[in-house]
Amino acid sequence: MDTTGAEHLLNVVDVEATCWPGSPPPGQVSEIIEIGLTVVDTAARERVGRHRIMVRPVRSGVSDFCTELTGITPEEAEQGVPFTEACRLLAAEHRAGALPWASWGDYDRHQFTRQCRATRTPYPFGQYHTNAKAVFTDAHGLRKRPGMAQALRIAGLPLEGRHHRGEDDAWNIGALVLHLSARGMWPRR
C-alpha cells in the first residue's frame, strides 16, 4: 500500500462470521469467515481501496442459514486462509496496526478480540477504532442506532452490492464515513 498521505487513510472493516438462526450447535462457536476492508482517504473524500479476505473456519461450519444471509457457501469458506494468516495480512498489507480503523458498531471489534484470544493470535489492529454507527447516530440526532442499510437511506445513499457481505458492507460503511466527513462530523484522531 502506498503510504503517501497515510495520515488521512482509514481502514473500514466489516466481518461476516458463521451464524445460525438460534444458538450455535453444540461444540461450535461463531468465527470470522470473511473480512471486508475499504480504505477511505478522508482528505480526498474518496474510497481508495476495496479488499476481501476469506477465512477458513475451524471450530464451526457454514450453515444453510449463514449461506442464505451472506451468500458465502461452505465450499467458498473452506478455500479461505487460516485466521492467523488473515490477521497477518491485515497487519502486513493493510497496515491495520498503524492506521485508524472503523466498523459499524462494536461487533467486528469484539469478534476480533474474542477470536484472537481463543486462537492466541496477535490482535492485528491499533488502538484507534471508531464506532461509525455511534458517530452517525449522534451526527443525525437519532435516538436509536440504525443498521447500516437504514443509515444509507437516512443519508440518501444507495446500498451497493449485497447486504451482509463483508466486502460490500465495508464499501457501504466507507460511503457513510465520507458522508459524515463531508458534514464535519467524522472525529479526527
Which heavy-atom pair separates Arg145 from Ala134 by the least distance, and what is that distance?
NH2-CB, 3.4 Å
Hydrophobic clustering (ILVMFWY, side-chain heavy atoms < 4.5 Å, transitive) - are Ile35 and Tyr107 grouped together?
yes
Applying side-chain hydrogen bond (donor to acceptor under 3.5 Å, both in side chains), name anything that partners Glu160, two or more places apart in sequence or on another chain.
Arg47, Trp171
Flag the pair Glu85 / Leu89 as yes when at least one side-chain heavy-atom distance between them is below 4.5 Å, and no otherwise.
yes
Using 0.5 Å steps for rounding, measure from the CZ atom of Arg183 to the CG atom of Leu180.
7.5 Å
Evaluate the side-chain proximity of Leu142 to Ile154: yes if any heavy-atom separation is below 4.5 Å, no if none is.
yes
Is the side chain of Ser103 donor-acceptor paired with the backbone N or O of Asp106 at a distance under 3.5 Å, no angle test?
no
Flag side-chain contact, heavy atom, 4.5 Å: Phe112 against Leu90:
yes
Strictly distance-based, threshold 3.5 Å: is any side-chain N or O of Thr42 a donor or acceptor partner for the main-chain N or O of His8?
yes
State plainly whether one hydrophobic cluster holds both Val15 and Phe65, where clusters connect Ile, Leu, Val, Met, Phe, Trp and Tyr through side-chain heavy atoms under 4.5 angstrom apart.
no
Between Thr67 and Pro74, which heavy-atom pair has the shortest distance, and what is it?
OG1-CD, 3.8 Å
Could you tell me the separation between the CD atom of Gln150 and the NZ atom of Lys133, rounded to the nearest 0.5 Å?
9.5 Å
Sequence neighbours excluded and cut-off under 3.5 Å, please list the side-chain donor-acceptor pairs for residues 17-30, or say none.
unit_1: Thr18; atom_1: OG1; unit_2: Glu31; atom_2: N; d: 2.9
unit_1: Thr18; atom_1: OG1; unit_2: Ser60; atom_2: OG; d: 2.9
unit_1: Gln28; atom_1: OE1; unit_2: Gly61; atom_2: N; d: 2.8
unit_1: Ser30; atom_1: OG; unit_2: Thr18; atom_2: O; d: 2.8

Can you name the ring pair (Phe, Tyr, Trp, His ring centres under 6.0 Å) partners of His140, sequence neighbours left out?
Phe136, His179
Report yes or no: does Asn11 contribute a side-chain atom to a donor-acceptor pair with the main-chain N or O of His94 at less than 3.5 Å?
yes
Can you get from Val12 to Leu178 by hopping between Ile, Leu, Val, Met, Phe, Trp and Tyr side chains that sit under 4.5 Å apart?
yes
Gap separating the CG atom of Leu152 from the CG atom of Leu159, nearest 0.5 angstrom
5.5 Å
Tell me yes or no: between the side chains of Asp168 and His163, is some donor less than 3.5 Å from an acceptor?
no
To the nearest 0.5 Å, what is the distance between CZ on Arg50 and CG on Leu37?
11.5 Å
Look up atom CD1 in Ile32 and atom CG in Asp108, then write down how far apart they are to the nearest 0.5 Å.
8.0 Å
For Trp101, all residues meeting ring pair (Phe, Tyr, Trp, His ring centres under 6.0 Å), sequence neighbours excluded:
Phe125, His129
State whether the side chain of Ser181 and the backbone N or O of Val177 hold a donor-acceptor pair below 3.5 Å, judged by distance alone.
no
Quick check: do Ile173 and Asp14 have side-chain heavy atoms less than 4.5 Å from each other?
yes
Heavy-atom distance under 4.5 Å between the side chains of Leu176 and Trp104, does that happen here?
yes
Could you give all pairs that pass the salt bridge (Lys or Arg N to Asp or Glu O under 4.0 Å) test and reach residues 113-130, with sequence neighbours left out?
none
Here the pair of heavy atoms bringing Ala77 nearest to Val62 is CB-CG2, 3.7 Å
Is there a donor-acceptor pair closer than 3.5 Å between any side-chain N or O of Asp41 and the backbone N or O of Leu9?
no
Contacts of type side-chain contact (heavy atoms from CB on, under 4.5 Å), residue Arg52, not counting sequence neighbours
Glu34, Met54, Ile72, Glu76, Arg165, Glu167
Could you grab the distance from atom CG of Asp64 to atom OG1 of Thr73, nearest 0.5 Å is fine?
11.0 Å
Which pair of heavy atoms, one from Met148 and one from Asp169, lies closest together, and at what distance?
CE-OD1, 3.5 Å
Compare all side-chain heavy atoms of Lys144 with those of Thr137 and state whether any distance is below 4.5 angstrom.
no
Does Leu10 form a side chain to side chain contact (heavy atoms under 4.5 Å, CB included) with Trp186? I'd like the steps, not just the answer.
CA-CA 11 Å; Leu10 170 74; Trp186 188 254; 3.7 Å; yes
